[in-house]
Amino acid sequence: MTSINAVTRQIAALEISSKPNTNAAKSTAAAHQKKPSQGQNVSKLLSKFAAPNPFPAGHSKAASSSTIPTKHGRPASPTKPTPAAPAQPAPTPAPSQQTIDIGRYDGGFEIDNENRGEKVYGEAAEELALDSSIARYRPTREWHLTDFDIGRPLGKGKFGRVYMVRTKVEPHYILALKCLYKSEIVQSRVEKQIRREIEIQQNLRHPHVLRLYGYFHDEKRIFLMIEFAGKGELYKQLTKHGCFSEKRSARYIDQMADALMYLHAKHVIHRDIKPENLLLGINGELKIGDFGWSVHAPGNRRKTLCGTLDYLPPEMVEGKEHDDKVDLWALGVLTYEFIVGSPPFEDLTGHNATYKRIARVDLKIPSKVSPEAKDLIVKLLQYEPEKRIALSEVRKHPWIVMHRSKGGSTATRAS
Ligand code: AMP
């Protein structure tokens, strides 16, 4: 696949341990021994404990206390966290969350920190002094690296590593902790983009959008506390299977449409929808991640060329203004790629050829695609943005409805 940002994604399998890991701050690999699997219901535990953020602001340091602070700084019951967002039910802590094996830490954060990155100064340092405890909206409590038990590496991103972690403070949430090196962000001149990505993601709450629970920084690094996507990358699944069944594809597209409706209602255009930016939750549900190219654009039409070539709509290829309809086009490309195994306008002879095919809407749908799926793809891949089928109609489309399992395809909708 031709893409501007090549993304490597990997995630290890989940296991349950009899004993929790402790003292990750000392960060030696020996301190993070992997325990044998006990075969408990991982899915149930993770969906429970990789749940909403119960850590509102008003408390100084997570590691210093085993009680959960309330919004007003008063300690609440250690077994009943106060949710940051009232619309979200607080997860019920139980002793078993500590039994989830987060895997063995390889000391990667410290190894990297010795060999990688420099301090940043001036305007860039200010731009990257990101801390959710002092965020304008929904501030969290103050976080530090020492507040987490660190487990197995989940992957490496462009600016640093991602680890599976557990909060030392009750109820010991399982999260993905992503590290970004400030100096590398500055070198790539994406300070503003990273800041925007974080600000956007922090305000989103939807079952199919990866939740950002909090963030903090030190001299050289920014750390993002992200919802743990237990089943890893969707892209990996697609590569493994070549393509998905229409039932599976329809389920994902329904979930995508649901998430995009939520994002668009909040005036967030994703602009970089592609399999590499999608992760899977522990129940196999789709999670949109990576808001690197998102814009928060109330009433704005934008003109920047961005995103992956294969997923770019004609209006962006032709340098015209664009709006949230770009995500509808990308949804059409995604539907095609899920079912067929490659994107519709891919041209291996080069970028220009791909651009031309997109601009001409040179769409050839293989005969194996059902008439219902074909109908939806064609209705999404319209040259004129205004002619693309609306997201609410996507969710009612016969192809989506016929494959939707009883009780609806998405998890309980967030606020
Ligand atoms: P990124 O920097 O976002 O590209 O992340 C690097 C890799 O870490 C990804 O390719 C994923 O395999 C893994 N990863 C990132 N975020 C998560 C998450 N929230 N849950 C599980 N794995 C993740």
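Both ligands and their constituent atoms are indexed starting at 1 by order of listing.
If you look at Ala176 next to ligand 1, the close heavy atoms, those under 4.0 Å, all belong to the side chain. Counting heavy atoms closer than 4.0 Å to ligand 1, residue Lys156 contributes backbone atoms (N, CA, C, O) but none from C-beta onward.
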Q | Test side chain to side chain donor-acceptor pair (under 3.5 Å) applied to Gln201 and Arg196, step by step | A | CA-CA 8 Å; Gln201 206 169 346; Arg196 190 177 58 200; over 6 Å; no
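The contact set between ligand 1 and Gly157, taken as ligand atoms under 4.0 Å from a residue heavy atom, comprises 2 (O), 6 (C). Proximity to Lys178 (heavy-atom distance under 4.0 Å) selects the following atoms of ligand 1: 1 (P), 2 (O), 3 (O). Within the listing of ligand 1, atoms 19 (N) sit less than 4.0 angstrom from a heavy atom of Ile226. For ligand 1, the atoms sitting less than 4.0 Å from at least one non-hydrogen atom of Leu210 are 19 (N), numbered in the order shown with element in parentheses. The ligand atoms of ligand 1 that sit less than 4.0 angstrom from a heavy atom of Gly155 are 7 (C), 8 (O).
Remark: Tyr252 pairs with Phe244, Phe338 by the ring-ring contact (aromatic ring centres under 6.0 Å, His included) rule, at least two apart or across chains. Partners of Tyr181 by ring-ring contact (aromatic ring centres under 6.0 Å, His included), not counting sequence neighbours: none found.
No salt bridge links Glu118 with Lys220; every basic N to acidic carboxylate O contact stays at or beyond 4.0 Å. Taking a cutoff of 4.0 Å between a charged side-chain nitrogen and a carboxylate oxygen, Asp112 and Arg161 qualify as a salt bridge.
Considering each of Val162, Leu224, Leu175, the one bringing a non-hydrogen atom nearest atom 15 (C) of ligand 1 is Val162.
Between Ile339 and Ser249 the shortest heavy-atom distance is CG1-OG, 3.7 Å.
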